[in-house]
Every structure is written in C-alpha cells, then in structure tokens.
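A quick write-up on the structure given underneath.
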Amino acid sequence: MFAWLIHITTHICNEYYDFETDCLNSKRGQWSGGSGILVNGLLSLSLVRNLAFGLFFVTTSFTLVSNFYDPLSPFHGYSLLISIAILNLSWFYTAPPFKFQYNGMGELVVASTMSILLPTLSAIMQHQGKWIINDNLLPIISLLFVQNFVRMLVMNVHDIESDAKCGKNTLTSLLGVRITSIVYKTGQIFLTAMPLIYFALNLLQFEIAFAFMLATPMGWKNSLKLDKEFENGKRKEVKCTKDLPFQATMHVVFTVLVVTVVVLSRSLFNLPLASTLHSEFWLPNSTAQI
C-alpha cells in the first residue's frame, strides 16, 4: 500500500512540476516525457496540483497514523525513518526547493529510493522496524542500484533537447548522449562481472548470481541500441531507440522477478540463506536481538 501510494503521488507530482518541460518536448515517447495529460488538456493544471498535494497528505497521514495508532504496524523504528526519507525524496524529485531532477541528482535519487531504501524497508518491516536484514540483501541492492541508475540515464535521453530549453539539468543532459552511452555500457560490465565475483567471494548464492546473469543479455542489447544514436561522431535519430526507456525498465523488472523467484524457491525448499545482520553490531541504541 505504501509503495503504491508513493508511486502514484510521485507520478502526479511530476506531471505538475514538469508541465513547462513537457510543453516544450516535441519528442515525447510512450515511455518518457510525461503522460501528456496536462499538455493535451485532458486535466486542468489546478486539478493535478490539488491531486498531487492531496496524495502527499494521504501518504504522509497513512504512514504516521499506522505508526502511532497501530501497535502491530510495521511502520515503527527504522521503518518510519526510511518511509519518511522515501516520501520526501520522491516528492522533491521535481518539486521545489530541491528539484533533484533539475540539478543532476534525479537519477541518483530514483536509484537510491527504488534499489536501496525500498528493499531495506521491506526487509526491516518484517521485524517491526528493527534493523535485522539478511546479508544477501547487501550485494543484491548494489547490483540493483547500478542497474536502476543506468536505466534512469537512458530514460532521459530523448528528453535532452526539451530539458535544455527550460533549464532542466538532468544528469543525462549534463553528460551528453555519448558519455551516457559509455556509462550505460560500463554498468552492463559491472552487472555481468559482479554476480560472479560476489559468488566467488561467498557473498551470494550461485542461484541468485545466475538469476542476475540471466538478465544481462537484455542490458547489452539496449547498449547496442544506444550506440546506434551516433554516426561519424554525431547523434542521429534512430527509430529503434525510441523504445529504449521501456526496454531498460523491462531489464530491471525481469531481473527483480527472476531474483525474487529464486529467493522464494530457496525459502520454500528450506535451503540455507546467508547469515543475518543485526543492528547492535553497527547501529547504536538498537533493540534488535540475536
């Protein structure tokens, strides 16, 4: 419920605060550049603004009320702190005063929220907010973080021109498409090599490492498509790259799906997982028990 509220709140907030940019975007695709509900006049600006603030209020209230009035709620301890951090990072992704997406930090914020904070929140919610997590989570979130970070770079490629016109300095626009392509390719090298390295270091079970490896061809296919943006050192329009935001997102979705199936299968067949990290070893004033 919390994740759904955060997601819809962020989308509506982005529609409102990205309105100027979306109006200038002549290359809006099916998977990037906003939904077009404001640009096409489907909804009024005031309605979307009120809806965004209303959803922010509902999400905040849901989180706080769950913490203070429900003793069995998972929104206690570190869960509450992480939830508040996720809520604020999501809102200020495009909203002032921080406007992370307009200052080269949006890609980092999205990757941190989706690949670090949300998985960590899910883990500690199972222990009523105590910092007790399986140490499998650490290498997994490092891989997902890189995957989501380079995905967000690709998501912004086709919006570079419109973003530049209104001063929206995404990291993609600051780097340029050529360097973005190099960074994306470097990410695929990391995602190809690190599961094997983690397995060799006994930080990740073979099945989980293999699940990550199973998705790597999708990333390399996207990388080759991004390379086609260039001809003799200059960018060109290539029809096949229009679906890159969708394909890069599906790369993440497929990875998460396969890894989840593997982890649940190991649990179903009572296969041993890695040991558990308890916060009393490295976080002060914890009530976690060994």
Side-chain angles (χ1 to χ4, degrees), residues 3 5-25 27-39 48-49 52-53 55-56 59 82-121 141-142 144-184 186-187 222 226 241 244-253:
L5 284 171
I6 285 290
H7 206 171
I8 189 64
T9 300
T10 303
H11 274 291
I12 299 299
C13 177
N14 291 349
E15 292 290 343
Y16 177 69
Y17 286 108
D18 278 343
F19 176 61
E20 180 183 354
T21 309
D22 292 343
C23 286
L24 297 172
N25 193 349
K27 299 179 182 179
R28 180 171 61 87
Q30 189 175 0
W31 310 105
S32 63
S35 68
I37 57 173
L38 287 175
V39 177
V48 172
R49 179 194 60 209
F53 279 94
L55 284 168
F56 182 82
T59 307
I82 294 177
S83 298
I84 292 174
I86 291 173
L87 180 59
N88 282 277
L89 287 171
S90 301
W91 180 261
F92 292 115
Y93 176 70
T94 53
F98 300 113
K99 304 184 73 168
F100 295 118
Q101 179 70 336
Y102 286 72
N103 298 291
M105 297 178 61
E107 294 84 352
L108 179 62
V109 165
V110 172
S112 299
T113 300
M114 296 185 68
S115 302
I116 298 178
L117 295 180
L118 277 173
T120 302
L121 177 64
I141 63 177
S142 71
L144 292 178
F145 172 81
V146 171
Q147 191 179 46
N148 252 314
F149 179 73
V150 296
R151 172 186 78 93
M152 286 306 300
L153 289 175
V154 169
M155 293 287 288
N156 294 323
V157 164
H158 286 285
D159 299 332
I160 285 181
E161 288 84 358
S162 60
D163 289 343
K165 290 178 183 178
C166 65
K168 185 178 181 181
N169 297 315
T170 64
L171 184 57
T172 305
S173 63
L174 294 174
L175 294 176
V177 182
R178 177 177 291 282
I179 297 179
T180 294
S181 178
I182 294 173
V183 174
Y184 189 83
T186 303
N222 293 336
L226 192 56
T241 64
L244 265 179
F246 174 74
Q247 296 297 337
T249 300
M250 288 302 100
H251 181 204
V252 176
V253 171

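Keep in mind that this is a model prediction, so the values were computed, not measured.
Counting heavy atoms from C-beta outward, Thr249 and Met155 have side chains that approach closer than 4.5 Å. Within the 4.5 Å cutoff, the side chain of Thr9 has no heavy atoms near those of the Ser90 side chain. Taking 4.5 Å as the limit, some side-chain heavy atom of Leu153 sits within range of a side-chain heavy atom of Phe149. Using a 4.5 Å heavy-atom threshold, the side chains of His251 and Arg151 count as separate. A 4.5 Å side-chain heavy-atom check between Leu244 and Val157 finds every atom pair outside the cut-off. Contact annotation: the side chain of Thr10 approaches that of Ile6 to within less than 4.5 Å [non-hydrogen atoms, C-beta and beyond]. Ile86 is listed as a side-chain neighbour of Leu121, based on a closest heavy-atom distance under 4.5 Å.
Note: Ile179 CD1 to Thr172 OG1 = 11.5 Å, rounded to the nearest 0.5 Å. Separation of atoms CD1 (Ile141) and CG (Asn148) is listed at 12.0 Å; rounding is to 0.5 Å. Put simply, CE on Met105 and OG1 on Thr170 are 13.5 Å apart, with the number rounded to the nearest 0.5 Å. To the nearest 0.5 Å, atom CG of residue Leu5 and atom CZ of residue Phe56 are 12.5 Å apart. Within the model, atoms OG1 of Thr120 and CD1 of Ile116 stand 7.5 Å from one another, a figure rounded to the nearest 0.5 Å. Put simply, CE on Met114 and CD on Gln147 are 10.5 Å apart, with the number rounded to the nearest 0.5 Å.
Annotation for Cys13 and Ala95: closest pair SG-CB, 4.1 Å, computed over non-hydrogen atoms. Scanning all heavy atoms of the two residues, the minimum distance from Val154 to Ala248 falls at CG1-CB, 4.2 Å. The two residues Tyr102 and Tyr17 come nearest to each other via the heavy atoms OH-O, 3.1 Å.
Between Asp18 and Thr94, the side chains place no donor N or O within less than 3.5 Å of an acceptor N or O (distance only, hydrogens not considered). Checking Asp163 against Ser173 by side-chain atom types alone, no donor-acceptor pair falls below 3.5 Å.
In terms of modelled atom types and a separation under 3.5 Å, the side chain of Ser181 and the main chain of Val177 share no donor-acceptor contact. Between the side chain of Asn103 and the main chain of Phe98, a donor-acceptor pair closer than 3.5 Å is present.
Aromatic ring centres of Trp91 and Phe100 lie farther apart than the 6.0 Å criterion allows.
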